[in-house]
Amino acid sequence: MATITLDTITKQFDSTTAVDDVSLTINDGEVLGIVGPSGCGKTTILRLIAGFETATEGTIRYDNEDVTHVPPEDRNVGLVFQGYALFNNMTVRQNVTFGPKMRGVGKQERRERANELLSLLDIRELADRSPKTLSGGQQQRVGLARALAIEPRLLLLDEPMTGLDAKLKQTLRQELGELLEDLGVTTLYVTHDQEQAMSMCDRIAVMNDGHIEQVSSPADIYESPANEFVANFIGTSNIVSSDALKGAVDTNAIENLKPGLNGDTQFAIRPDDFIIGQGPLKADIDNLFYLGEQVQLIVSTPDGTELTVHCDRWAGNDLTVGDQITLDVDTSRIHVVEGKGEH
Amino acid sequence: MWSFGKGSLSARFGRPFVKLVVVATVVFLSLPVVLTFISSFAAEWVGPLPSGFLTFGNWNDVISGTDVGADVSVGSSLLYSAGLAVGGVVINICVGVPIAYAVARYDFLGRSWVNVFAILPLAPGIILGIAFLRAYPDLSTSGIALVIGYSLLKSPYMVMAVQSSFQSMELQRIEESARSLGASWPRTFLTVIIPNAKEGIIAGSIICWTLAAAEFNFSYIVYSRGTPPLSIFLYNNITNASFLNAAAAVSVFFLLIALVTIALQIVGNQAAVRRL
């Protein structure tokens with residue numbers, strides 16, 4: 001295991017800057033998630049750390065060792081891809097022992113190590129099967145066992161659950177989370193699925209357009225988004241100006257919390273932070289979506305501001321499109337967002 | 001109005017029509033082969049159908065090499081041609097697999113041109129044969145010329161078969177997984193990439209070998225003396241002997257191709273079974 005440090009890393013592909021002056025630390029034993037929209041540079045960061053790309057500028061260190069120019073086979077990094085990239089010309093056991101074999105581990109030891117990992121991941125009975133004959137979930141476990149078999153300093157997971165069905169994803173997410181916690185291996189988890197990142201990672205880095213917008217704990221990122229991009233990307237947010245909230249909420253209270261506000265200040269309010277049925281803000285229901293555990297309301301205020309509001313399904317059952325409702329929001333739940341996060 | 005419901009014309013007659021076309025095509029293509037094979041065991045063919053079954057005289061003439069058709073036995077010609085075709089396939093594997101890999105894996109300047117040159121037939125056999133005679137007059141009468149010619153003429157089939165294999169796998173990710181596990185690039189290529197493309201390599205080898213063993217135009221131009229390649233042997237039998245002798249020679253060739261194809265497929269399947 002190791003502490004991974006990216007120091008002012010820039011990566012350019014011809015005239016395109018995929019990663020722009022990024023500095024990031026993954027602490028020893030930590031699970032750090034990188035989330036962001038497609039093309040934001042998150043996979044490029046993973047590939048830079050793995051050694052498949054070389055940084056245009058900046059340095060990458062494993063503990064105090066500069067590995068910026070070290071080839072991937074010498075970095076001791078375990079890698080699990082979206083499609084798992086298992087070797088179909090080998091059995092499951094041969095897949096798992098491949099890494100230790102390349103690193104000169106003796107036959108007996110690598111067989112024991114493989115058996116141990118296959119048992120840990122509950123796929124011991126699949127040891128002599130071809131990966132081609134396995135289900136998606138089983139392949140994911142084999143991919144993980146293969147990556148862990150080299151006892152990596154760092155585990156890199158690149159969208160490892162994409163393509164699995166929702167129920168299996170939920171099960172594997174829990175199992176993988178527990179496994180990573182038990183093993184204490186430093187892990188970088190790259191995903192576009194914020195729910196996975198929120199539930200599995202100790203910290204999350206939100207990326208946009210080659211930059212890191214915010215690095216913090218899942219709760220902190222959700223509750224206190226650094227800017228409009230983070231507020232919109234992580235969960236759903238209503239981004240409204242202070243003018244739109246005048247008369248509806250006590251903006252003076254917000255002013256007390258965050259001095260120096262003006263008319264252009266933007267506020268972020270989560271849909272589940274509204275209180276329905278009381279308060280000074282009147283709104284008409286334009287649309288209504290039943291989401292299962294919650295009901296999502298799309299409402300508009302008298303000045304035309306559109307808001308997304310969530311309510312419990314038992315409360316939402318009495319509402320229909322066209323109804324007028326009253327809303328309130330606790331000022332302590334309103335976040336001031338500073339800019340769109342553009343660079 | 002045309003409709004595509006249950007009672008429509010396409011629903012009622014579509015499937016039987018397609019079946020009829022397939023059966024007619026298969027019969028049309030296989031009838032000459034079957035008829036040739038059957039007639040190779042006939043004593044004579046006067047009238048619409050062969051007669052005087054069952055004789056092995058024609059096969060005996062071809063196999064023992066009487067002076068009726070070719071002046072050598074089919075055995076030596078077969079072995080010689082099989083060897084030449086194997087040589088061509090080896091070159092195709094050595095050159096075609098890396099080209100297919102490079103085109104499937106990397107994005108480089110001139111990639112599409114390399115791809116076009118690799119999968120387009122270079123020139124007709126007869127043209128390449130004449131060019132060989134002009135460019136390498138000393139080399140052109142040897143077996144080496146035939147091997148090189150066969151490999152050049154058949155290389156597109158190897159490249160296409162292997163490229164298709166590479167494109168059907170997560171080539172970059174498989175390679176990167178192996179390298180992250182500690183394998184160097186050459187080791188990754190030899191122990192992971194090539195075995196994963198085995199089906200394509202076997203398919204390409206079968207096609208290249210079969211076509212090289214049967215290549216006539218290039219062989220006819222370049223071959224001058226010594227043991228003739230199989231296609232020249234067949235030509236000699238067909239032109240100098242009776243049709244029934246020629247039928248036996250063609251049957252030997254068909255049989256050989258079928259046996260080699262089956263053998264290569266068994267090798268491939270056994271390897272797949274071993275993996276399971």
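Chain A is the first sequence line, chain B the second, and so forth, proteins listed ahead of strands; every chain is numbered from 1.
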- prompt: Is there a side-chain hydrogen bond (donor to acceptor under 3.5 Å, both in side chains) between A:Y62 and A:T3 once you walk through the steps?
  reply: CA-CA 6 Å; A:Y62 291 4; A:T3 297; over 6 Å; no
- request: With chain B as the partner chain, list the residues of residues 37-56 of chain A whose heavy atoms fall under 4.5 Å from it, by residue number, and write 'none' if nothing qualifies.
  value: A:R47, A:F52
query: So which bits of residues 138-146 of chain A come within less than 4.5 Å of chain B, counting non-hydrogen atoms only?
result: A:R146
message: What part of A:L86 gets within 4.5 angstrom of chain B, counting heavy atoms only: side chain, backbone, both, or neither?
response: backbone
- request: Using non-hydrogen atoms and a 4.5 Å limit, figure out which bit of A:Q82 sits close to chain B: side chain, backbone, both or neither.
  value: both
- prompt: Which answer fits B:E175, side chain, backbone, both or neither, if we ask what part of it has an atom under 4.5 Å from a heavy atom of chain A?
  reply: neither
field: Per-residue contact mode, B:T188 against chain A (heavy atom under 4.5 angstrom)
entry: neither
field: Residues in residues 85-102 of chain B that sit under 4.5 Å from chain A, counting heavy atoms only
entry: none
- prompt: Got a second to check how far A:E30's CD is from A:L188's CG, nearest 0.5 Å?
  reply: 10.0 Å
query: Between B:K154 and B:E215, is there a side-chain N and carboxylate O pair less than 4.0 Å apart?
result: yes
- prompt: Less than 4.0 Å between a side-chain N and a carboxylate O, is that true for A:E65 and A:R61?
  reply: no
- prompt: Among pairs that include at least one residue of residues 88-104 of chain B, which meet salt bridge (Lys or Arg N to Asp or Glu O under 4.0 Å), considering only residues two or more places apart or in two chains?
  reply: none
- line: In terms of heavy-atom pairs under 4.5 Å with chain B, the winner among A:D74, A:N76, A:V77 is A:V77
